[in-house]
*Asks:* 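What follows is a single structure, and I will ask about it in a moment.
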Amino acid sequence: MNLGRLDLNLVVALRALLEERNVTRAGQRVGLSQPAMSAALSRLRRHFDDDLLARVGGHYELTALGQVLLDRVSTAYDLLERLFASQADFDPARESREFKLVASDYAVAVFGAELARVVHQEAPGIRLRFAQTPTTVVDATDALLSTTDGLFMPHGVISGFPATDLYQDRWVFLVADDHPSVGDRLTREDLARLPWVTYQRTYDAPAVRQLGMLGIEPRVEVSVDSFQIIPLLVSGTRRIALIQARLARLLAPLAAVRVVEPPYEAVPLSEALWWHPVHTHDAAHIWLRETAARVGGRMTEERPRHHRPPSPAGPNNRENRES
């Protein structure tokens with residue numbers, strides 16, 4: 001297909017028509033008259049050799065191809081919008097714009113909050129909008145990155161896209177303060193017999209794959225889509241959970257839980273900021289990536305804070321814990 005022969009204004013018209021499913025409303029949405037939008041629909045029908053919108057009774061419905069194009073045109077529109085918003089120069093102290101960043105609630109709590117503080121101080125006109133990572137991130141990475149300004153994701157889950165390293169983290173276990181059968185240490189047998197709380201997204205796969213390689217099959221009792229809820233679901237139960245050490249330090253004081261080291265050498269977590277190649281040379285995105293890398297570098301240089309030590313007698317000796 002020769003893109004040079006296509007009118008890119010038809011992308012705007014196509015999106016409006018497929019989303020509104022009404023010629024008049026679509027025209028009003030993009031500032032075209034009803035005859036002009038009807039003419040755009042005719043051109044689109046000739047190009048795709050399909051009606052796209054089919055009249056059913058007193059309204060229009062999407063054809064099968066129209067339904068397929070509905071998602072694709074939204075992605076294409078967002079990508080074109082970001083492409084033509086690219087800048088040669090960017091002054092963070094004077095600019096006013098929004099960056100959409102996709103991240104888990106873990107990444108927002110551990111890294112995003114600090115990034116937002118730095119941006120607030122250095123670029124008061126810049127807004128950050130954090131969106132939850134979708135479960136389709138692995139299967140539709142290109143589509144996701146084309147409609148956002150960046151993705152916070154550990155290495156080992158996606159590949160083939162540019163990324164900048166941010167900081168390191170490690171995996172630890174959470175157990176209830178008064179767990180009846182876990183002392184100062186967990187055993188591999190404990191991991192197999194005790195019920196688990198797990199994060200249900202697919203991109204925690206590196207840690208899960210490691211457990212499988214060790215022959216450990218977690219007995220999942222509760223699954224949630226938020227890392228920050230996990231301590232509350234561990235507290236007061238026999239459950240255990242695998243969680244990031246930096247997040248555990250933030251959340252452990254909020255629930256009756258304690259941190260226990262894994263009974264194996266857990267694979268480290270290396271968080272990175274990923275982006276679509278279309279943003280690589282854009283001045284605004286370069287500033288965003290450099291700022292994120294600087295914040296991540298400060299986190300790496302911080303002296304690690306250790307979690308509170310368990311009672312010397314261990315949680316199984318209640319007399320010593322209460323004395």
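Keep in mind that the numbers below use all heavy atoms, side chains included, and drop hydrogens, waters and symmetry copies. No experiment lies behind these values; they were computed from the predicted model shown.
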*Asks:* Pairs in or reaching into residues 108-151: which pass ring-ring contact (aromatic ring centres under 6.0 Å, His included), with residues at least two apart or in two chains?
*Replies:*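 Qualifying pairs, neighbours excluded: Phe111-Phe152, Phe111-Tyr167.
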*Asks:* Check Arg193 with Asp190, please: is the shortest side-chain N to carboxylate O separation under 4.0 Å?
*Replies:*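 So Asp190 pairs with Arg193 through a salt bridge.
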*Asks:* Using only heavy-atom distances, determine whether the side chains of His155 and Asp165 contain a donor-acceptor pair under 3.5 Å.
*Replies:*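 Yes.
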*Asks:* Please answer whether the main-chain N or O of Leu65 pairs with a side-chain N or O of Asp50 as donor and acceptor at a distance below 3.5 Å.
*Replies:* no
*Asks:* For residues Arg188 and Leu214, determine if any side-chain heavy atom of one lies less than 4.5 Å from a side-chain heavy atom of the other.
*Replies:*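 Touching, per the 4.5 Å side-chain cut-off.
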*Asks:* Report the C-alpha separation of Arg239 and Leu194 in whole Å, then their side-chain angles, then the decisive distance to 0.1 Å, and conclude whether the side chain to side chain contact (heavy atoms under 4.5 Å, CB included) test is met.
*Replies:* CA-CA 6 Å; Arg239 301 179 190 126; Leu194 292 172; over 6 Å; no
*Asks:* Just to verify, what does Arg94 make a salt bridge (charged side-chain N to carboxylate O under 4.0 Å, His left out) with, not counting sequence neighbours?
*Replies:*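 Arg94 satisfies salt bridge (charged side-chain N to carboxylate O under 4.0 Å, His left out) with Asp91 only.
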*Asks:* Other residues, nucleotides and ligands only: do more than 12 of their heavy atoms fall within 6.0 Å of CZ on Arg294?
*Replies:* yes
*Asks:* Between Arg21 and Tyr60, is a side-chain hydrogen bond (donor to acceptor under 3.5 Å, both in side chains) present by the stated rule, with each step listed?
*Replies:* CA-CA 6 Å; Arg21 304 183 189 189; Tyr60 283 102; over 6 Å; no
*Asks:* Using the test side-chain contact (heavy atoms from CB on, under 4.5 Å), find all partners of Asp139 that sit at least two apart in sequence or belong to another chain.
*Replies:* none
*Asks:* Output every pair passing side chain to side chain donor-acceptor pair (under 3.5 Å) with a member in residues 263-272, not counting sequence neighbours, ordered by first then second residue.
*Replies:*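 Those involving residues 263-272 are Gln168-Ser270.
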*Asks:* On the ring face of Phe99, is Arg97 found with NZ or CZ under 6.0 Å from the centre and within 45° of the axis?
*Replies:* yes
*Asks:* Examine Arg219 relative to Trp196 and say whether NZ or CZ is less than 6.0 Å from the centre of the six-membered ring and inside a 45° cone about the ring axis.
*Replies:* no
*Asks:* Using a 6.0 Å cut-off, check whether atom CD of Gln34 has over 12 heavy atoms from anything other than its own residue.
*Replies:* yes
*Asks:* Can you confirm whether or not the ring centre of Phe90 sits under 6.0 Å from the ring centre of Trp287?
*Replies:* yes
*Asks:* State whether Arg117 and Glu122 are salt-bridged, where the test is any N-O pair (Lys NZ or Arg NE/NH1/NH2 against Asp/Glu carboxylate O) under 4.0 Å.
*Replies:* no
*Asks:* With a 4.5 Å heavy-atom cut-off, do Leu62 and Leu18 have their side chains touching?
*Replies:* yes
*Asks:* Taking 4.0 angstrom as the limit, do Arg29 and Glu19 come out as a salt bridge?
*Replies:*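 Glu19 and Arg29: salt-bridged.
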*Asks:* Quick check: does any side chain N or O of His179 sit under 3.5 Å from a backbone N or O of Arg258, one acting as donor and the other as acceptor?
*Replies:* no
*Asks:* Assigning hydrophobic clusters by single linkage (Ile, Leu, Val, Met, Phe, Trp, Tyr; side-chain heavy-atom cutoff under 4.5 Å), is Val108 placed with Leu232?
*Replies:* no
*Asks:* Within the distance-only criterion (no hydrogens, no angle test), does the side chain of Thr148 pair as donor or acceptor with the backbone N or O of Leu145 below 3.5 angstrom?
*Replies:*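 Here the side-chain-to-backbone pair does not exist.
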*Asks:* To check you understand the geometry: which heavy-atom pair defines the closest contact between Thr187 and Pro263, and what is its length?
*Replies:* C-CG, 3.8 Å
*Asks:* Please name all residues satisfying salt bridge (charged side-chain N to carboxylate O under 4.0 Å, His left out) with Arg25, sequence neighbours left out, ordered by chain then number.
*Replies:* Glu20
*Asks:* Strictly by modelled atom types, are Thr63 and Asp51 linked by a side-chain donor-acceptor pair under 3.5 Å?
*Replies:*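 No - no donor-acceptor pair under 3.5 Å links their side chains.
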*Asks:* By side-chain hydrogen bond (donor to acceptor under 3.5 Å, both in side chains), which residues pair with Asp169, not counting sequence neighbours?
*Replies:* Tyr106
